[in-house]
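First up is the structure itself, then whatever we jot down about it.
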There are 2 protein chains.
Amino acid sequence: MLTISQLATYAGVTVRAVRHYHKIGLLPEPGRDHSGYRAYDAGAVVRLIQIHTLAGAGVPLARVQELLDAAPEEFSDGVEKIDKELRAEIRRLQDTRKRLARLAAGEHLALPASVVDYLDRLRELGMDERYIVLERDAWIMIAAQVPHLVDDVIVQKHQALEHPDTVKLYRLVNETLDAAADDPRIIEMVDLIESMMIAAVQAGAAGSYGLDDDLVRLMDTAMLEAAPEAQRIITLLEQRGWKGWTRIERIPTDRL
Amino acid sequence: MLTISQLATYAGVTVRAVRHYHKIGLLPEPGRDHSGYRAYDAGAVVRLIQIHTLAGAGVPLARVQELLDAAPEEFSDGVEKIDKELRAEIRRLQDTRKRLARLAAGEHLALPASVVDYLDRLRELGMDERYIVLERDAWIMIAAQVPHLVDDVIVQKHQALEHPDTVKLYRLVNETLDAAADDPRIIEMVDLIESMMIAAVQAGAAGSYGLDDDLVRLMDTAMLEAAPEAQRIITLLEQRGWKGWTRIERIPTDRL
DNA sequence: CTTGACCTTGACGCTGGGTCAACCCCGCAA
DNA sequence: TTGCGGGGTTGACCCAGCGTCAAGGTCAAG
């Protein structure tokens, strides 16, 4: 008769593992001696070695039982099933590695390369890093919500930057980041935005980019949270009959 | 302001995951509204998306925090470390697959091919499956305890089978598996064993195979548990001055 | 007022045991 | 007889990353 540690030693496992196998019913509980110690027979050694061998070969403990009691055909069926799972797990990890590599290559989190390029262009334009972060966060949300639209929108953004008015607008934004609330450049900026919007409406470009209402609202909120002083601009635009920021629209006039 | 499920939806994670991130301190707990609901701002969406992106790329949650707060150089260092772990895990799984394949190829559990071959040879000799199981279990224990000795011992076993006495012995074992306790073939078998042992002693072959005493005792116990009727043979051998089974030796005569 | 959808905290489950903690038991030596 | 060291026993918490109840409070709508 063997004690638990003798058994464990013979089979090359830890005492704790043996007790674990008892708890999950993989190894039957043996009888106890007069002082309550488990008393094992040599058959338990064989069983335990088999368990350990299967477990070490990647068989989940839950399956070890069926496999041990299985006939040869079922056995190889079971083994094949487990091998399939192992292959799937390996593929999953390889996928993960790829994503990780792309993430490291993309410099910054959760953004496709096209966006990173666009942000770089804004930096070249001389935009302040605080504004870049605002843009970046907006793009993170867009990329998470509607990844298929990202590249389209980026193309439109690049096109817009071809127009001198857009560049001028960005420059004004940059200059007024720290401006006082009554800085005249703010009025100038609102004038510019309004004229651009009127032109856009006349050209039939609604500027929606195909983004969902909820997402647009979320991005406006995010912008105001990060840069509360932008509220001035929103307010001024509203006084002139425009609403929104990410997507600027005419406030509809009620004519019931 | 957003509720937890709105936040979760925007970021593409589950509500449960968000709460989990709170619990482990990955996402700061926001303020509550008048009824105790968590009220999130849009910044939380960005943070959550970043977390989800990293986590989805295989970064352990415990590391996400450092990575999010890290500068670009530390960031790529951290990513590389994680990639290394991923590669290690993949290699581990591939190892596991190999072991599993070998296990399936070996037909039976925890046994090298040489042993399987030897057991097949016993089957060809006409041995009963009950005896084969006895042998197999003994080999399982040997393979677990002293794997480096297995092939040597197998070679010796094959050599022994070249001798007609060994074959005769096996045949007798097989015939007496169900024999009555007073079957004359049992005496015949003991005679044969004794003569073989005497010859072996004279030839200087102690028959130990280099196995450890403990292991030998364990295997004897295993045999007697699985086939209690073999006790007759042990007893008869003891009366003639021999002890053991796996390794049969002279009982030393006390000459104090 | 009720319903159904959403929120809250708390706790268990999964995998395979590792690692205490607190206490019993055995043989050996003083 | 007592103490010591090295066994054994059960119980419970710990790791990751949430899923999945459970039991109840809240909210908007019918």
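Protein chains get the first letters and strands the later ones, always in sequence-line order, with residue 1 at the start of each.
Counting any heavy atom pair closer than 4.0 Å across all strands shown, B:Arg32 reaches sugar-phosphate atoms only and no base atom. Among the protein residues, B:Ile4 comes within range of the sugar-phosphate backbone only, with heavy atoms under 4.0 Å from sugar or phosphate atoms but none that close to a base. The residue A:Arg19 sits close to a base: some heavy atom pair falls under 4.0 Å. In this structure, A:His34 reaches the sugar-phosphate backbone alone: every heavy-atom distance under 4.0 Å involves primed, P, OP1 or OP2 atoms, never a base.
Distances from the side chain of A:Thr14 to the nucleotides D:dT10, C:dG16, C:dG18 place C:dG18 closest. Here C:dC6 is the nucleotide among C:dG17, C:dC26, C:dC6 with the atom lying nearest to any side-chain atom of B:Ser5. Residue B:Tyr21 places its side chain closer to D:dC18 than to any other of C:dT9, C:dG18, D:dC18. With distances taken from any side-chain atom of B:Thr3 to the nucleotides C:dG17, C:dC7, D:dG17, the minimum falls on C:dC7. Listed nucleotides D:dC18, C:dG18, C:dC6 differ in distance to A:Arg16; the shortest reach to its side chain belongs to C:dG18. Residue B:His20 places its side chain closer to D:dG17 than to any other of D:dG19, D:dC27, D:dG17.
Proximity of A:Arg63 to the phosphate of C:dT15: no side-chain N or O atom is located under 4.0 Å from OP1 or OP2. Between B:Ser35 and C:dC7, a side-chain N or O to OP1/OP2 separation shorter than 4.0 Å is absent.
B:His52 places its NE2 atom 12 Å from the C1' atom of D:dC18, with the value rounded to the nearest Å. Atom CZ in B:Arg92 sits roughly 11 Å away from atom P in C:dG16 (whole-Å rounding). For the pair B:His22 NE2 and C:dC7 P, the computed distance is 12 Å after rounding to whole Å. As rounded to whole Å, 17 Å separates atom C1' of C:dC7 from atom CE of B:Met1. Summarising the geometry, the separation between CD1 on B:Ile82 and C1' on D:dA16 is reported as 14 Å, rounded to the nearest angstrom. The CD-P distance, from A:Gln65 to C:dG16, rounds to 13 Å in whole Å. Look at CG on A:Leu2: it is 16 Å from P on D:dG7, rounded to the nearest Å. If you take CD1 of A:Ile51 and C1' of C:dT15, they are 16 Å apart, rounded to a whole angstrom.
Side chain of A:Asp41 to backbone of A:Ala44: a donor-acceptor contact under 3.5 angstrom is found. B:Arg247 contributes a side-chain N or O that, together with a main-chain N or O of B:Leu211, makes up a donor-acceptor pair within less than 3.5 Å. In this structure, the side chain of B:Asp220 engages the main chain of B:Thr246 through a donor-acceptor pair within 3.5 Å.
Counting only heavy atoms from C-beta outward, the side chains of A:Ile234 and A:Lys243 never approach each other to under 4.5 Å.
Rounding to the nearest 0.5 Å places NE2 of A:His20 at 12.0 Å from CG of A:Leu27.
Mapping B:Lys23 and B:Tyr37 onto DNA chain C via the closest heavy atom, the residue that lands nearer the 5' end is B:Tyr37.
With salt bridges taken as basic N to acidic carboxylate O contacts below 4.0 Å, none links A:Arg91 and A:Glu89.
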